[in-house]
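Here, residue 1 is the first one in the sequence, and each next residue gets the next number. Computed from a prediction, not measured in an experiment: that's the story for all the values here. We count ligands from 1, going down the list as the structure has it; atoms in each ligand are counted the same way.
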Amino acid sequence: MPNPDQRAPETVTATGCPFGASAVAPRSQQGEFLTTATGTRLRDSDHSLKAGRRGPTLLQDHHLREKIMHFDHERIPERVVHARGAGAHGVFTSYGTGAKITTARFLAEKIETPVFVRFSTVLGSRGSADTVRDTRGFATKFYTEEGNYDLVGNNIPVFFIQDGIKFPDVVHAAKPHPDREIPQAQSAHDTFWDFVSLHTEAQAHTMWNMSDRGIPASFRTMEGFGVHTFRLTNADGETCLVKFHWKPVAGVHSMTWEEAQLAAGADPDFHRRDLADAIEAGAFPSWELGVQVMPDTQDEMFEGIDLLDPTKLVPEELCPVQLLGKMTLNANPTNYFAETEQVMFNPGHLVPGIDVTNDPLLQARLFSYVDTQLTRLGGPNFAQIPINRAHAPVNDMLRDGFHQHAVHTGQAPYRPNSIDAGNPAETPEAQRPFVEVSTPVSGEKVRAVPATFDDHLSQVRMFYRSLTPVEQDHVAAAYTFELGKCYENPVRERQLAHLAAVDTDLAKTVATGLGLPVPEPSTKVADVEPSPALSQVKAEMNFPVDGRIVGIVADDDADLAQVKKASAAVEKAGMTPFVVAAHGGHLGGKKDVVIDRTLLTTRSIEFDALLAVSAIAPAPDSAAAFDAKAGDPSGVPNSAVDPRLTLLIGEMYRHCKAIAFLPEAEAAMAAAGIEAGTPGIVQEKDADKAVGTLVDLLGAHRAWDRFPRSSADPRAGRDVVTRAGAMSHRPSSCLPGQDCSSSRPSDSRRPERASTSPPDGVSWVASASRLSTY
Ligand code: HDE
């Protein structure tokens, strides 16, 4: 309590509004008139104070000085990694299935916890493109009643390095070259490949980056991983080791490399826009949170995998993901800077029941995240920034510092004290304090990792062999592209030798593309069983299509009834229709059909599928000198079709997207050289039916079967999407009470079904018989 002679500042907000005045007002600007930062009303903010109209500006112009001073300091240092990001608010609803393994309240009870999520790329600067090939950050802040819990993960389950001390090295190597500061936001350059080819432990993460995971279709279709192993404690004090997973309800989907490159130019904000648009449209992105639960054994190993090694994953076939709850992102931030830029995450923001392990990468992170905020957010009081504030009561003894917002009372911010009656008290056991799990520690001081960290390549081989042929092709193309952008031959050769160790066919394909011989394998690699759960292309896929974009192509003479029918059917399916025509405004002069895109403004990357109601004849602006897209020589010359429509359809065709043609649009199909019966190509008379078929095709994301493998390919003969020798994987044994059969890898089914019938209770998987050596 303050003393009788003490008074605190008035309880007003930063903008002078009394707290509690209204839900919105405390955060916003106040009143009708422009003021200075201290509330003095201004008459003129457009002219500086001068000695005469043509005279010099006067030093006394305090408003000019305040305005320019503030502007000069509007930027804060961007994050040293993960600088480019997009955020959203949401809610996490627990299934209550976690009670057996953790005391964390937000998991154990069927409760709703507000969350803020920030997705990011790692390498690029704040203004870089969204669709570069890179890892994506997936950081979630749960504002729980027991304090903030941050799950600061990535969309890739393994990491480049085993020990945090090497983080500056990998980041320096991956960031632009220090002399010219290029290339921005990508790994296709010598220093990156120099580092990863010299550090074989980086090969696993690198192959994930070269796979389709490195170019997600959307933040909404990314898996998330906590990467490290964490330790959970239940009410009986029993512990288990877990790996966290986020499973996207919309399925795991990626871009094609050409799409990613086109998007980086045509719409560098592609992912940010997609997230915000989906939320605005009510297609709320959602994920289920799950855990792989492993016994907390003394050696911290599972199935021969060292759980402290962050370059390794645990195959879901050996330890299924058990679902704990569902997160739905349902609101966009109000102000990018205040929320998405100023949010700060920290793997050390833990709640009772969740603790860290000795993973040497995680240990370094526990130091790093508080440290970086000091510079980035300008002092130690970053937890007081609105987006970072806990929703649980805060009663700390942290005092003063830059930008202190709290007006602390009392005289004894220390413990023990008698002057403030000993307050605040330490939390007794019954009141659920956070207590570190007491684990025995022994050993000599060394700079070394355990011998069980030594195998760097067997899981790289496992990952590659778990992919379907079409995904393997993408991996081979990505390595060829990236190494093709390197100048240093020794770097390429060293990387090729690692690929030769991982898979001979892969190395051959890449070496052929580079025009280099296939080197001897760098080492001998153990064979491990593939894990089909790692592939994102399944034989049967039927994912929700909410928030997908369907382009509806029509010209002024098109049957407007069909256009309207198509739009209505697309909306009914939870998707967004974009009408594409030759010009802006309205179709056929009728006010009721608004044109969203023109052939000049659009590009194929905007659409997940296309429905052509009619062809579009060459428009007045279809001269190549005006719009270079019109000069594209591909397609079948056809004076009746605008060449930009042919290009649009051709690109979507190349990207294996679904395209439907109504009869009036068949000239466009012919102009693009598309044959009837091609996978993913629909010919229908009626818009309603066409949309129905598109929905089915979109459920599988893409028609990969459109392009069979060439017979020159060493792996030819295999189906494009069916994995050669796919095996059945079941966890070899389950603890009593666990229904392992229901814990399939969750992207192989429509996940909302799982949401309505979550597992009864999560338990841990006993160590299965050793299937393989890692
Ligand atoms: Fe980070 N990381 N990191 N990291 N990281 C940061 O913290 C760091 C690592 C991850 O949206 C920084 O506030 C070190 C692994 C995400 O705000 C910084 C090491 C994983 C984000 C930092 C790692 C991540 C960050 C930069 C090795 C996946 C963005 C700004 C010991 C499990 C969070 C900041 C956001 C951000 C350091 C390794 C994920 C510099 C030293 C492994 C998603 O503190």
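Listed by atom number, the atoms of ligand 1 under 4.0 Å from Val227 heavy atoms are 32 (C). Of all the atoms in ligand 1, the ones that sit under 4.0 Å from a non-hydrogen atom of Gly164 are 31 (C). Each of the atoms 31 (C) of ligand 1 lies under 4.0 Å from some heavy atom of Ala364. Every atom of ligand 1 is numbered from 1 in the order shown, and the set under 4.0 Å from a heavy atom of Thr372 is 7 (O), 13 (O), 30 (C), 34 (C), 40 (C), 44 (O). Close contacts between ligand 1 and Leu361 involve ligand atoms 27 (C), 31 (C), 42 (C) [criterion: under 4.0 Å to a heavy atom].
In this structure, Thr102 contributes its side chain and Ala104 its backbone to a donor-acceptor pair below 3.5 Å. Between the Asp150 side chain and the Val152 main chain, no donor and acceptor come within less than 3.5 Å of each other. A donor-acceptor contact shorter than 3.5 Å is absent between the side chain of Thr328 and the backbone of Asn330. Checking side-chain atoms of Asp212 against main-chain N and O of Ser254 turns up no donor-acceptor pair under 3.5 Å. A distance-only check finds a donor-acceptor pair linking the side chain of Arg133 to the backbone of Asn209 [under 3.5 Å].
Protein heavy atom nearest atom 28 (C) of ligand 1, with residue, atom name and distance: Asn154 ND2, 3.2 Å. Protein heavy atom nearest atom 30 (C) of ligand 1, with residue, atom name and distance: Arg79 CG, 3.4 Å. Looking only at heavy atoms of the protein, atom 43 (C) of ligand 1 is closest to Gly153 O, 3.2 Å. Here the protein heavy atom with the shortest distance to atom 33 (C) of ligand 1 is Phe345 CD1, 3.8 Å. Scanning all protein heavy atoms for the shortest distance to atom 40 (C) of ligand 1 gives Val80 CG1, 3.4 Å.
In this pair, His205 and Phe159 present their aromatic rings tilted. The plane angle is within the 30 to 60° band.
Salt bridge absent: Lys175 and Glu181 never bring a charged side-chain N and a carboxylate O closer than 4.0 Å. For Asp355 and Arg231, the salt-bridge test fails: no basic side-chain N is under 4.0 Å from an acidic carboxylate O. Glu341 and Arg79 are joined by a salt bridge, as a carboxylate oxygen and a charged side-chain nitrogen come within less than 4.0 angstrom of each other. Looking at Asp306 and Lys312, no side-chain N of the basic residue comes within less than 4.0 Å of a carboxylate O on the acidic one, giving no salt bridge. Residues Arg213 and Glu223 are paired through a salt bridge, judged by an N-O separation under 4.0 Å between the basic side chain and the carboxylate.
Counting only protein atoms, the N, O or S atoms lying less than 2.8 Å from atom 1 (Fe) of ligand 1 are Tyr369 OH, ordered by chain and residue number.
Close N/O approach between His228 and ligand 1 is not found [any backbone or side-chain N/O within under 3.5 Å]. Considering backbone and side-chain N/O of Arg118, one or more are found under 3.5 Å from N/O of ligand 1.
With a 4.0 Å cut-off on non-hydrogen atoms, Asp371 does not touch ligand 1 at all.
Shown are Phe142, Phe230, Phe345, Tyr143; of these, the ring-ring contact (aromatic ring centres under 6.0 Å, His included) with Tyr149 is made only by Phe142.
Close to ligand 1: Gln373, with a non-hydrogen atom less than 4.0 angstrom away.
By the 6.0 Å and 45° rule, Lys326 does not stack over the aromatic ring of Phe92.
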